[in-house]
Amino acid sequence: MITTLTLNAALDKTYYLQTLSIGQTNRLRDVHIEPGGKGINVAKVLHSLGLEVTAGGFIGGNNGKVISALLQDRGVGHEFIGIQGESRTCLTIIDNEREEETEILESGPNISSEDWEKICHFTDAAAKKSTIMTLSGSLPQGVPADGYGQLIDIIKQNGSKAILDSSGAALRYGLEKAPFAVKPNERELKQWLNKETLSLSEALEAGKMFIQKGIQYVCLSLGKEGALFFTRDEVFHVKAPVVNAVNTIGCGDAMVAGLAAGFYQNLPARDVILLAAACGSANAMMPQAGQVALTDLEELRKQVVVKKIDNILS
Ligand SMILES: Nc1ncnc2c1ncn2[C@@H]1O[C@H](COP(=O)(O)OP(=O)(O)OP(=O)(O)O)[C@@H](O)[C@H]1O
Ligand SMILES: O=P(O)(O)OC[C@@]1(O)O[C@H](CO)[C@@H](O)[C@@H]1O
């Protein structure tokens with residue numbers, strides 16, 4: 001079984017507009033509401049892939065109730081810790097004319113030290129029965145800055161594998177504990193390296209450095225350009241297929257789900273990244289964040305191009 005952790009769950013609203021006019025009245029063409037937060041998206045995609053998954057983390061208030069009811073309706077396994085505060089709403093505005101996505105993210109509720117204790121216990125119990133656990137997204141207020149680091153220690157002590165997808169300090173502290181795999185995107189890697197731009201050779205060096213820290217798999221996602229995938233002795237370049245992208249929010253989460261599914265099924269590295277990249281691209285074709293259609297996925301698996309880059313780790 002796979003368990004996903006979302007410490008900062010969200011009710012994701014996506015507003016579709018012809019064009020966004022700042023300072024004006026804007027009327028929507030369409031709206032979608034999804035149970036979200038990165039780890040919940042990972043769980044939704046794993047469920048679509050037919051794998052046994054439990055979505056864990058914190059939820060609270062009315063938004064928390066809606067998140068859990070929507071997951072229940074879809075049959076996505078979940079076991080959340082209820083908190084006092086209100087789970088956040090995250091808004092994406094999709095501007096059809098400019099083909100732009102604007103995200104407006106609430107910072108989320110406050111987590112007490114008792115709640116933190118509870119999630120550590122939950123993680124300990126979940127790691128005992130999960131081959132893989134994913135840790136995704138931002139940390140809500142009150143969670144220790146090294147929160148992911150603490151959870152990775154617990155996961156590893158129980159013989160389970162942690163996949164980390166976060167940003168800023170949460171990512172930095174998590175990396176120190178050498179999770180099984182990590183999936184930064186280009187922006188997160190630049191932030192980590194403190195660089196404005198990133199050349200291919202710098203990206204390859206960074207991936208190599210993560211592997212030398214003891215991380216077994218590094219997936220650097222590059223949006224519509226594809227990804228770089230590092231193992232202990234190989235590096236793969238992934239070219240994403242050209243798709244009719246409707247909403248790219250959650251592509252990274254779908255990719256994490258593909259990585260988790262591939263590792264869970266003990267696929268060879270090349271097939272793991274192929275599945276993960278196809279999941280990411282399939283998400284881009286859906287209007288809702290963090291969803292894939294199996295028919296799209298099967299087509300895309302034939303179109304993703306994975307090439308080995310030689311000698312980079314020598
Ligand atoms: N426009 C697109 N067309 C085709 N494939 C895409 C597109 N956007 C993303 N992908 C696929 O999804 C993967 C993950 O995308 P991306 O790098 O944007 O993740 P992310 O920034 O972590 O996303 P998010 O934070 O919204 O979940 C890419 O490596 C690529 O394979
Ligand atoms: O604030 P975080 O946790 O970094 O990101 C939150 C979020 O933007 O990520 C998902 C898309 O990846 C959305 O479901 C959610 O709203």
Side-chain angles (χ1 to χ4, degrees), residues 4-14 32-45 55 57-58 63 67 70 87-93 99 101-108 134-141 143 148 163-171 182-191 203 219-229 236-259 273-286 288-292 296-297 299-301 303-306:
T4 72
L5 282 180
T6 314
L7 302 182
N8 211 353
L11 195 61
D12 278 336
K13 283 193 179 177
T14 309
H32 285 284
I33 296 183
E34 273 291 299
K38 294 190 189 299
I40 289 175
N41 291 335
V42 176
K44 291 185 311 194
V45 174
F58 298 119
N63 281 349
I67 291 168
L70 289 170
S87 292
R88 61 189 171 150
T89 299
C90 288
L91 180 63
T92 301
I93 301 168
E99 296 184 2
E101 293 167 350
T102 304
E103 282 188 277
I104 300 173
L105 310 181
E106 292 181 15
S107 61
T134 66
L135 305 165
S136 307
S138 59
L139 299 180
Q141 303 153 62
V143 167
Y148 280 139
I163 304 180
L164 177 65
D165 176 16
S166 192
S167 53
L171 172 66
V182 62
K183 196 220 68 68
N185 63 20
E186 193 178 351
R187 178 175 32 82
E188 289 154 357
L189 183 63
K190 280 187 201 154
Q191 205 182 22
C219 178
L220 170 60
S221 70
L222 303 167
K224 66 176 180 337
E225 300 305 325
L228 290 170
F229 187 58
F236 296 95
H237 177 266
V238 182
K239 192 169 181 293
V242 176
V243 301
N244 177 25
V246 184
N247 178 3
T248 69
I249 306 299
C251 285
D253 310 331
M255 184 168 230
V256 170
L259 292 173
I273 188 57
L274 196 145
L275 173 63
C279 286
S281 297
N283 177 84
M285 297 171 73
M286 298 291 279
Q288 303 89 344
Q291 283 202 21
V292 300
D296 292 337
L297 187 60
E299 259 325 291
L300 291 166
R301 278 176 94 159
Q303 294 173 27
V304 173
V305 180
V306 179

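Fair warning: this is a prediction, and the values are worked out from it, not measured in the lab. If you read the sequence from its start, that first residue is 1, and numbering goes on from there. Atoms within a ligand are numbered from 1 in the order they appear, just like the ligands themselves. Below, all heavy atoms of this structure are taken into account, side chains as well, without hydrogens, waters or symmetry copies.
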Option whose closest heavy atom lies nearest to [atom], chosen from [options]:
atom: atom 30 (C) of ligand 1; options: Ala277, Gly223, Ser221; result: Gly223
atom: atom 4 (O) of ligand 2; options: Lys44, Gln288, Lys38; result: Lys38
atom: atom 15 (O) of ligand 1; options: Ala278, Cys251, Pro184; result: Cys251
atom: atom 4 (C) of ligand 1; options: Ala254, Pro241, Ala284, Ala245; result: Pro241

Glu188 side chain vs Asn185 backbone, donor-acceptor pair below 3.5 Å: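 Yes, Glu188 side chain to Asn185 backbone: donor-acceptor pair under 3.5 Å.
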With heavy atoms only and a cut-off of under 4.0 Å, state how [X] meets ligand 1: side chain, backbone, both or neither.
X: Lys224; answer: both
X: Ala289; answer: neither
X: Asn185; answer: side chain
X: Lys38; answer: side chain
X: Glu225; answer: neither

Contact (N/O only, under 3.5 Å) between Cys90 and ligand 2: no
Any N/O pair Ser138/ligand 2 closer than 3.5 Å: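 Such a contact does occur with ligand 2.
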Starting from [atom], find the nearest protein heavy-atom neighbour and note its residue, name and distance.
atom: atom 29 (O) of ligand 1; value: Gly226 O, 2.7 Å
atom: atom 5 (N) of ligand 1; value: Ser281 OG, 2.8 Å
atom: atom 27 (O) of ligand 1; value: Gly252 N, 3.0 Å

